[in-house]
Structures are given as C-alpha cells and as structure tokens.
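Structure first, commentary second.
Bear in mind that the values here come from a model prediction, so they are computed numbers and not experimental data.
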Amino acid sequence: MIAGAWICLLSPLAGAVAITLAGTRISRRTAGWIATLATFVAFAGALVAFFGLRGLNPDDREQMSTAYTWLAVGNFKVDMQILLDTLSSTMMLIVSGVGGLIVWYSMGYMAGDDEERRYFAYMSLFVFSMLLLVQAGNFLLMLVGWGLVGLASYLLIGFWHQRAEAVAAAKKAFVMNAFGDATFALGLVLLVWKTGTLTFSGVFDQVGSLDSTIVNLVALGLLGGAVAKSAQIPLHTWLPDAMEGPTPVSALIHAATMVTAGVYLLVRASPIFEAAPDVQHLAAILGAVTLLVAGLVALVQWDIKRVIAYSTMSQIGYMFLAAGLGAYGYAIFHLMTHAFFKALLFMSAGLVIHHLGGEQDIRRMGGLHRAMPKTHVAFLVGTLALTGIPIFAGFWSKDGIISSALATGGSLGWTLYVAALVGAFLTGAYSFRLYFTVFRGPESDFVAAHAHEGHGEGPRSMLIPVGVLTVLATIGGLVVIPGVWEPFLTWIDETAEPLVSPTVAQDYGTSAIAVTLAVIGYYLAHRAFLAGRQLVARPEIWRVLERKFYFDELYDALFYRPAAALSVNLRTNVEEPVIKRSLDEIGSGTITVGDEVARAQTGLLRTYAVALAFAVFILVVVFVAVR
Amino acid sequence: MAGPDVGWYLIVSAILFGIGALGVMLRRSPLVVLLSLEIMLNAANLILIAFSRQQGNLDGQIFALAVMAVAAAEVAIGLGLIVAMARRRLALDVDQADALRG
Amino acid sequence: MGNVLVWVIWFVAAGACLGTGVAVVSLTNPFYSALALIGNLASLAVLFLLLSAEFLAAAQVLVYAGAVMVMFLFVVAYLGGRADAPWAGGPPLLRAAAIVAAAALLVEVVVVLGLAWGDELTSPADVSTSFGSPAEIGEIFLTDHLLAFEITSIVLLVAAVGGVVLGTTREKEEGA
C-alpha cells in the first residue's frame with residue numbers, strides 16, 4: 001500500500017528522466033507513450049494505495065513513510081516523507097487519473113510538433129510535481145512541490161517559445177506565482193520560528209498554543225500562496241494569459257490540477273485556518289468575489305479557451321468559498337467533479353481547435369454539431385455538468401457548496417449564499433452562450449471552408465479520453481447523494497472535519513433554486529443567440545467586462561511601470577556614470593599609465609646603456625654597503 | 001714595486017673606464033662603440049694586473065689573460081655583426097636599431 | 001735615480017693612455033679612432049711591464065694590437081665611407097645623463113675601492129723576478145686554472161664558428 005504510494009510518486013519522475021536522457025534517440029511517439037504509461041502506472045499505484053487504505057481501520061488511515069532525512073539543523077528536522085491519508089489518496093487518484101487521460105490525449109493533439117519529446121518530459125515532470133505536492137508529509141516538501149508545479153507551468157505555457165505572447169504569458173504566470181510562493185515561504189518561516197517543526201502533525205498539534213497574531217500571519221501567508229496558485233482575485237490575471245500554452249496543458253494544469261492546489265492547501269492546513277477564522281473567512285470572501293467577477297468577464301470573451309479559463313477561475317472561487325466556510329468535503333468533491341468536466345470541456349475545445357486548424361475565435365465558429373457530433377455530445381455533457389444540471393457531476397458538488405453557505409448563516413453566510421446563487425445564474429449564461437455560439441446554428445463560412453473532410457473528429461488517442469471523461473462527468477457526482485449515500489464526504493471528513501454540514505432540506509432546497517437560476521441563464525443565452533445579439537448590450541458595461549475590470553491595467557500602473565522606471569533610472573543614474581564609468585576609467589587609466597611607462601622604451605641602445613651604467617653604479621654601492 | 005702604488009693605477013684605470021663608458025653611451029657609430037668597449041675592458045685588465053702585483057698573486061694576471069681572450073672573441077662577433085649590417089645596406093647607426101621601441 | 005725614471009715612464013705612459021683613450025672616443029673618423037686605440041694598447045703594454053706582467057704585455061701587443069686591431073682596421077677599411085655617423089643625436093637628456101653616469105662610475109670606483117681597501121693599497125708585496133714571466137703564467141694556467149684555460153679555448157671556438165656564420169650570408173639573401 002505504501003509501496004503503491006511511492007510508485008505513484010516516482011513513476012512520472014522516472015518517465016521524465018527517461019525521456020530527457022533518451023533525447024533524440026527515441027521517436028516522438030515513444031516519448032508520448034513513456035509519459036502516458038508512466039502516468040497510468042502512477043494511477044495504478046494510487047489505486048493500490050487507495051484500496052489498501054480503505055482496508056484499514058478508520059483510526060489507522062494516516063500513514064507516513066519516510067525515505068530519508070533531508071535536512072537536520074539542531075532540533076529542526078525535515079524528512080523526505082510522504083503522507084497517505086484519505087485526502088492525499090483522493091488527490092493522488094484525481095491527479096494521476098485525469099492526468100493520465102490528458103497525457104494520452106496529448107499524444108494525438110501534439111503529434112507532429114517538432115519538440116514533442118520536450119513536451120512529454122515537461123508533462124511528466126508536472127505530474128510528478130503535483131503528486132509531490134499532494135503527497136508531501138510536511139510543509140517544506142509541499143513547498144518544493146508547489147515551486148516545481150510553478151516551474152512546470154512556466155515551461156509548458158511558454159512551450160511554443162517562438163511566440164512572444166507565450167513567453168510573456170509564461171513570465172507573467174511565474175512572477176505572480178512567485179509572489180504567492182514568497183508569502184507561503186514567509187508563513188513557513190514563522191511556523192519554524194514559533195513551533196520548531198514543519199511536519200503537519202507537529203504544526204497542527206501546536207497551533208492552538210500559538211499567539212493569535214502569529215497564527216493569523218501564517219494563515220495569511222498560506223492564503224497568499226493559495227490565491228496566487230489558484231488564480232483568485234487579486235492574483236488572477238495570469239490565468240487567462242496562460243491559455244497561450246497547448247490545450248492539453250490548459251486542461252491539466254490550468255483546470256484540473258495545479259490551480260486546485262490552493263484549495264488542497266486550504267483543506268490540508270485547515271487546523272491553522274480554523275485557528276485564524278478571520279483569514280478563513282477572507283478566503284471565502286475572495287472566492288465569492290472571484291466567482292462573480294470571473295463569471296461576468298466570461299460573458300464577453302471571444303476566445304473559446306478564455307471563456308473556459310474564466311469559468312475555471314469562477315469554479316475555483318466556489319471551492320475557496322467552501323474551504324473558507326469549513327465545508328472541506330464539498331470543496332474537495334467539487335475539485336474532483338470540476339476536474340472531470342473542466343478537463344472534458346478543454347479537451348473538447350481542443351478537438352474543435354484541432355479540427356479548425358488552430359482557430360480559437362468563436363465568432364468564426366458555428367454549426368459544428370453537424371461536423372463534429374461526438375465532440376458536440378462531449379461538450380454538451382461538460383456544459384451540463386458545469387452549470388449544475390441534475391444528475392450530472394457538477395450538480396451534486398456545487399449545490400453542496402451553496403447550501404453550506406446557507407447552513408453557515410449569519411451575515412457572512414447569507415451574503416455568500418446570494419453571491420453563489422448569482423454565480424450559478426452567470427455560469428448558466430456564459431456556458432450556454434459558448435455552447436450555442438460554437439455548436440449550434442448554421443455552419444459558419446469558416447467552418448465550411450475548414451472542415452477536415454473525411455478525417456473524422458480526431459485520432460483515437462484524443463477521442464477515447466474524451467469519452468472516458470464524458471462518462472465521468474455524467475456519473476462522477478453520484479458518490480454524494482445527500483440523505484442517501486455520502487461515502488465521499490465521510491471519506492474526506494476523516495482527515496478534515498467540516499465546520500458546517502448542510503441539512504438535507506437545505507441541500508435540496510438550494511439545489512432547486514440554483515438549478516432554476518441556471519435554467520434561466522440557459523434561456524436568456526438561447527434567446528440572445530436566436531436573436532443574434534450578445535447578452536451584454538450596453539457598450540460601457542461591455543468595455544469594462546472586456547477589459548476584465550481593468551485589473552491588468554491597474555497592475556501595470558501600480559507595479560510594472562514604477563519598477564521599470566526605477567530600473568531605467570538606476571541604469572542611467574547609477575550604473576552608467578558610477579559603475580561603468582569608473583570601470584572604464586580603470587581601463588583607460590591603465591592604458592595611460594602604460595603609455596607613460598612605455599616612453600622609457602625608446603628602443604635606442606644608448607639610453608639602455610646609460611640605464612645600465614646607472615644600475616651598475618647603484619648595485620656597487622649596495623654591495624659595498626652591505627659588505 | 002717600482003714606481004707608483006696601486007692607488008695611482010686605480011685612478012688611471014677608473015678614468016679610462018669612464019672614458020670608455022662615455023664612448024659607449026655617446027657615439028652613434030657601432031664601430032666606435034666597439035672600440036670604446038675595448039677601452040673599458042682594457043681598463044679592467046689594468047686594474048686586475050695592478051692588484052695582482054700588489055698582492056703578489058698571479059691569479060689576477062690569469063684573469064686578465066682570460067679577459068683578453070674573451071674580448072678578442074667578442075670583437076670578432078661584433079665586427080661580424082657590423083659587416084652583416086653593412087651587407088644588408090642598413091645604416092651603420094646605433095640609433096637606427098630601435099625595433100625594441102615600445 | 002732608477003725610481004725617477006720609472007716615474008717618468010709611468011707618467012708618459014699613463015698620459016698617452018688617457019690621451020689616446022679620449023682620442024678614440026672623440027674622433028669622428030673611425031679609422032683614426034682605431035689607430036688611437038692601437039696607441040692606447042701600446043701604452044697599456046708599457047704599464048703592464050711596469051707591473052711585472054711581461055707575458056701579458058707581450059700578449060697585449062701581439063694579440064690585441066696585432067690581431068684584434070688589425071681585424072678592426074680591416075673592417076673599417078671595408079666599410080669605408082659608410083662609417084662616418086654624426087657624433088650625437090637622440091634624446092636631449094642623453095648627453096647629460098651619460099656624463100653624469102660616467103662620472104658617477106668613476107668617482108664610485110675610486111672612492112669605494114679606496115675606502116674599502118685604503119690601508120692595503122700602500123704596501124705592495126715582494127715578488128720574485130720571475131713574477132709574471134711566461135713560465136710562471138704557463139704553470140699556473142695549466143695547473144691551478146686549467147678550467148679557465150679550457151673554457152677560454154671553447155669560447156674562442158664558439159666565436160670562430162659564430163664569426164663564420166655571421167660572415168657567410170646565403171647568396172640569395174644578397175640578391176633579395
């Protein structure tokens with residue numbers, strides 16, 4: 001069982017190393033197979049670990065395994081240790097399972113690309129890093145995984161490095177994440193200082209006895225990291241730009257797994273957050289704000305991947321909402337279902353993009369349900385799951401979150417409840433807008449011109465994973481039927497006891513309202529589509545939403561411009577005159593001195609003879625004086 | 001010994017050495033430089049022999065003999081150089097040989 | 001009486017020595033300089049005789065004045081008109097510096113050596129009449145100073161070879 005966990009962790013790493021070392025000696029396709037198989041082996045390991053854990057007594061379901069001591073300084077020790085408990089085993093299954101499907105899909109999507117091997121090496125690296133993050137047994141190792149996924153994300157966003165936009169997007173993602181990494185690390189520093197340890201159990205045992213300012217600061221630090229990694233407001237601007245990467249990358253990293261790492265952190269470190277309730281509520285509020293803002297912006301985007309990206313941002317807002325209120329089980333449940341349907345949506349979008357030869361602007365699409373029937377079904381299922389239509393996966397998880405807000409009560413609970421319901425309406429609106437624009441209606445000229453005649457919708461390597469995810473998005477939510485059967489929630493509860501549990505009545509009541517709102521959203525989108533106009537009519541509102549509430553411009557003015565101005569200033573006023581000039585002068589000064597000294601080199605024999613005579617004179621004096 | 005003491009010879013030798021040195025440093029014809037060099041060598045010989053006489057030790061004279069032989073060799077080579085210079089149509093001017101000029 | 005003669009001869013020889021020395025250095029025509037040097041060598045030979053170095057005096061005249069200077073004269077004659085370069089030129093300070101250097105050396109020799117061995121300079125040793133004779137020189141040269149002898153002969157050999165090498169330039173260099 002523990003061996004399964006280690007195999008799960010190390011298999012993708014082995015795959016990445018193998019592909020890197022083999023270099024051009026293996027074919028591109030082989031690299032793809034290595035990556036895919038490595039990830040599926042990881043999934044097998046995760047299954048073994050999961051079932052092994054299930055076979056144990058609930059009290060024993062927290063297994064630590066240490067490989068070796070990584071650092072030891074005085075009393076402070078950090079081991080290379082993995083933790084196998086209900087939470088981590090669930091995450092392992094999600095990461096390796098969905099990851100394996102997406103890597104397999106990439107074999108078809110990236111076929112023919114010149115640098116395919118590099119891509120698969122990076123993908124394997126990413127899967128390893130994400131698994132390290134979720135399996136880490138202490139905060140420091142988690143931070144290592146945290147940083148590595150950031151690295152993999154940077155490498156993969158900028159994969160097509162010939163495109164300037166991709167490189168810029170990769171940098172933006174990395175820098176914003178670096179800010180989060182820094183706050184995370186600072187939080188850890190505080191923890192080491194005050195508790196002397198970084199293992200989960202060590203910290204959680206002591207968190208009750210810490211001063212409340214310290215706990216708040218630590219929680220804020222961790223929250224900062226989570227907000228950056230999960231692209232919540234205010235550190236969200238990198239996610240839409242990250243769509244420059246290949247579509248499978250968007251599916252894996254920026255939908256299913258990496259961006260959910262923040263949620264995982266909130267749940268894993270729940271004892272810390274529970275000791276700092278203000279920070280926890282802040283997380284919920286940020287989640288609510290994000291889900292609204294992202295939902296609004298998604299209404300006006302023209303790029304198919306960007307709509308889905310904002311949708312991701314919005315859904316993670318739901319997860320933050322849940323974790324912030326203490327409904328950990330629902331947060332992780334929504335994480336899982338979201339992984340299914342969001343990856344499904346991205347991969348279907350990838351099929352569309354692939355079919356249309358790289359086109360991503362939805363204004364040029366339309367009527368694809370005839371040319372791509374299978375993709376159409378997949379996308380529709382994904383949309384239904386996303387908007388929370390029963391019985392699809394999203395219905396069970398999202399409504400659980402919304403009703404948790406209801407169960408919390410108080411001013412916070414009610415505000416969040418209303419926000420979440422509005423979000424449900426928005427989700428319905430933008431999702432169906434996207435669906436109608438891309439798939440329904442008459443075939444656009446572009447589609448007619450570009451249809452790949454007789455090629456089918458895509459190779460098997462792309463269609464089978466999509467099919468699997470379609471099934472999962474349909475039935476994946478059935479592990480939590482409130483009032484009837486809740487194995488998933490009880491499973492997660494063993495690791496993270498929820499602070500709030502909605503009653504069955506609250507649950508179904510909320511569901512009714514949420515589904516109604518989603519259907520209203522569908523209806524409005526349909527009407528707008530049939531009338532050939534957009535949902536957002538007013539040009540001023542349109543502009544604000546299109547500019548994404550001017551966050552990019554704000555950050556540019558607040559951070560980038562001053563920094564750039566400062567660096568230019570330093571260059572002209574400090575580096576040029578002070579440093580460069582003085583160094584230059586050392587050089588020219590040496591040359592001048594050299595020239596002066598060289599004047600003694602007249603080349604004339606006679607001057608040398610004179611010099612000799614003087615030298616002899618002095619030497620004799622010296623010798624005789626010494627004598 | 002008959003005649004002046006070593007001290008007188010010392011003075012003569014020193015003056016002769018100085019004259020030779022001046023010639024080396026001030027003349028531009030390589031031939032004359034070589035001649036001045038000979039003067040310096042002879043001045044050294046003189047003082048060697050003078051001291052040899054004063055000490056009663058023949059080693060000084062042996063040394064002087066060796067110096068003479070070496071001077072002869074050196075003159076031979078020096079003259080060979082000058083002849084080679086003349087053959088190459090270079091001006092016989094010590095100041096012209098300034099290839100070491102930096 | 002004999003002593004006075006010796007002194008007179010000494011002064012004449014010394015004067016001739018220094019005079020011809022100055023002449024060597026200051027005459028513009030190298031031929032005349034070479035001749036002056038021969039005079040210098042001759043007067044030095046006289047001084048050697050006064051110092052009981054008969055063999056060396058003879059060697060001086062035979063080897064130096066006889067062979068070396070003749071060689072010199074050959075070359076001067078060969079080079080002929082090309083051998084008259086002006087007296088001085090070059091950097092302005094050179095003359096002054098040269099005179100200063102020469103004077104310094106001169107004074108130094110006198111002062112230093114005088115100071116160092118001042119007391120010992122006034123009592124010459126007593127020597128036998130065969131001091132400085134060829135027999136004595138030969139004996140010492142071939143016993144105590146054999147190494148010097150051998151090395152000197154090697155030096156002469158090297159010089160001979162060098163002279164030949166310097167003298168024979170390849171014909172094609174001449175033409176090029």
Nearest 0.5 angstrom please: B:L16 CG to C:N40 CG, how far? 5.5 Å

For C:V25 against B:I19, the heavy-atom pair lying closest together: CG2-O, 3.5 Å

For chain C, which of B:I77, B:N45, B:L34 has the most heavy-atom pairs under 4.5 Å? B:I77

Show the nearest heavy-atom pair for residues C:V24 and B:R27, with the distance to one decimal. O-NH1, 4.2 Å

Atom of B:E38, atom of C:F72 and distance for their closest heavy-atom approach: CG-CE1, 4.4 Å

Nearest heavy-atom contact between B:L22 and C:A102 is CG-CB, 3.6 Å

Is C:L44 close to chain B through its backbone or its side chain, or both, or neither, when contacts mean heavy atoms under 4.5 Å? side chain

Between B:V24, B:I15, B:V32, B:V70, which shows the greatest number of heavy-atom pairs under 4.5 Å with chain C? B:I15

Compare all side-chain heavy atoms of B:V12 with those of C:W10 and state whether any distance is below 4.5 angstrom. yes

In terms of heavy-atom proximity below 4.5 Å to chain C, should B:S52 be classed as side chain, backbone, both, or neither? both

Distance, nearest 0.5 Å, that separates OH of C:Y78 from CZ of B:R87: 5.0 Å

Minimal heavy-atom distance between B:A72 and C:V68, with the atoms involved, is CB-CG2, 3.8 Å

With rounding to the nearest 0.5 angstrom, report the CG to CZ distance, B:L48 to C:F48. 9.0 Å

Taking the side chain as everything from C-beta on, heavy atoms only, tell me whether B:L58 gets closer than 4.5 Å to C:F131. yes

Interchain contact, B:N57 with chain C, by part (heavy-atom threshold 4.5 Å): backbone

Checking C:T152, C:I140, C:L56 against B:I62 for side chain to side chain contact (heavy atoms under 4.5 Å, CB included), the one that qualifies is C:I140

Which portion of B:L41 sits near chain C, non-hydrogen atoms under 4.5 angstrom: side chain

Region of C:L41 that comes under 4.5 Å of a non-hydrogen atom in chain B: side chain

Could you measure the distance from the OH atom of B:Y9 to the CG atom of C:L51? Nearest 0.5 Å is fine. 4.0 Å

Only one of B:N42, B:I49, B:L65 forms a side chain to side chain contact (heavy atoms under 4.5 Å, CB included) with C:Q60, so which one is it? B:N42

Show the nearest heavy-atom pair for residues B:L35 and C:A34, with the distance to one decimal. CD1-N, 3.7 Å

Proximity breakdown for B:I47 and chain C, heavy-atom pairs closer than 4.5 Å: neither

